[in-house]
There are 2 protein chains.
Amino acid sequence: MTSTDRADGHLSELRDALVRMSFTLMAVLTEVAAEHDLSLTQLRVLGILRDREPTMADLATFTGLERSTISGLIDRAAQRGLVTRTADPHDGRSVRVGLTESAHRLVPEITAAISDRITPLTGRLSIGEQKRLIALLTKALDS
Amino acid sequence: MTSTDRADGHLSELRDALVRMSFTLMAVLTEVAAEHDLSLTQLRVLGILRDREPTMADLATFTGLERSTISGLIDRAAQRGLVTRTADPHDGRSVRVGLTESAHRLVPEITAAISDRITPLTGRLSIGEQKRLIALLTKALDS
DNA sequence: TATTGTTATACTCTATAACTATA
DNA sequence: TATAGTTATAGAGTATAACAATA
């Protein structure tokens, strides 16, 4: 049985609330990215590279994008001095991507900006409610 | 004081949880859209048109996109038989956009597919937890 | 043979700027 | 003058297909 088959009360409410929250968050992230002259995808890649030095193929897997897409993305990021490509010492085919010094300084700035923009959204929740929200989201995500 | 200035404990946790959830949701929506040969933006526009017949300018405001972007978007959607443009009777400059019959049949299919894909995500939450999550998200969003 | 990465190509999304028509 | 919508243009993001180099 799929959800088409029934009225599914609170399930559609949950779907709608999550979708609304996601679009709202994406708008915030897109805005913050734009203020730093980045696209949403570039922002995401920088976030991934924050504590990793993956290969191009790894990046494709992480993001769910094609390797060719990652090539273009990293091309443009490298041109802007945000990332570097280095040959993998263990596999002559692989290329490892890492943040440059300046990008390493940029990322915390961006996450701080995101926090600031999210505050109005979560401002109507008490500290206790915020903690409960964290717990619920984390539990759902870690499944 | 901005969040750069302090360690801000659970606030960064909340930010990360919301961002993670949003990227996960966007991946789900993008996948479902792709299965119906739609982009994420087209999916979003169909959702907006579900219970409204806005002008092009309204659509631009709702989505935060430029009017010229909406023009192209609606062009392509119309070409695929998803939407129609009709002249606004009260303002000769305005154009109202509405779903076609076939799109009206398509939208519930898509929302059902989204519900189904979200279920594994929320499956580890009890009914009570799901209801609490709805309440918290709604409270945050309606601020 | 299989995998990694790049390139070529095509299409969608997006914004800016210039334009027409209506208010 | 101001607003609604379109068009032209340009750049980013994306996928598919073909390719070279390495495993």
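Just so we're on the same page: letters track the sequence lines, and every chain starts at 1. Keep in mind that the numbers below use all heavy atoms, side chains included, and drop hydrogens, waters and symmetry copies.
- Atom CG in A/Asp91 sits about 6 Å away from atom P in D/dA23, given to the nearest Å.
- Looking only at side-chain heavy atoms (C-beta outward), A/Asp37 and A/Gln42 stay at 4.5 Å or farther from each other.
- For the pair B/Leu11 and A/Ser115, the minimum side-chain heavy-atom distance is 4.5 Å or more.
- Between the CE atom of B/Met56 and the C1' atom of C/dA21 there is a distance of 15 Å, given to the nearest Å.
- For the pair B/Leu46/B/Leu38, a side-chain contact is recorded, criterion being any heavy-atom separation below 4.5 Å from C-beta on.
- For the contact set between residues 32-51 of chain B and DNA chain D, defined by any heavy atom under 4.0 Å, there are no members.
- Distance, B/Arg80 CZ to C/dC11 P: 14 Å, rounded to whole Å.
- One can place CG of A/Leu65 at 15 Å from C1' of C/dG5, the figure rounded to the nearest angstrom.
- In this structure, B/Asp88 reaches neither bases nor backbone, as no heavy-atom distance under 4.0 Å exists between it and the strands shown.
- Note that the CZ atom of B/Arg124 and the CG atom of A/Leu136 stand 12.0 Å from one another [nearest 0.5 Å].
- Cation-pi geometry between B/Arg52 and B/Phe62 is met: under 6.0 angstrom from the ring centre, within 45 degrees of the axis.
- Separating the CG atom of B/Asp58 from the P atom of D/dA4 is a distance of 9 Å, rounded to the nearest angstrom.
- Taking the side chain as every heavy atom from C-beta outward, A/Thr55 and A/Leu59 never approach each other to under 4.5 Å.
- At a threshold of 4.5 Å between non-hydrogen side-chain atoms, the residues B/Ile127 and A/His10 count as touching.
- In this structure, B/Arg96 atom CZ and D/dA4 atom C1' are separated by 12 Å, rounded to whole Å.
- The distance between atom CD of A/Glu66 and atom P of D/dA18, rounded to the nearest whole Å, is 14 Å.
- Nearest heavy atoms, A/Ser22 versus B/Met26: CB-CE, 3.4 Å.
- Contacts of A/Arg85 with the nucleic acid, taken as non-hydrogen atoms under 4.0 Å apart, involve only primed sugar atoms and P, OP1 or OP2.
- Within residues 67-78 of chain B, the residues approached by DNA chain C to less than 4.0 Å at the level of any non-hydrogen atom are B/Ser68, B/Thr69, B/Leu73, B/Arg76, in residue-number order.
- A donor-acceptor distance shorter than 3.5 angstrom exists from the side chain of B/Gln130 to the backbone of B/Leu125, with no hydrogens or angles considered.
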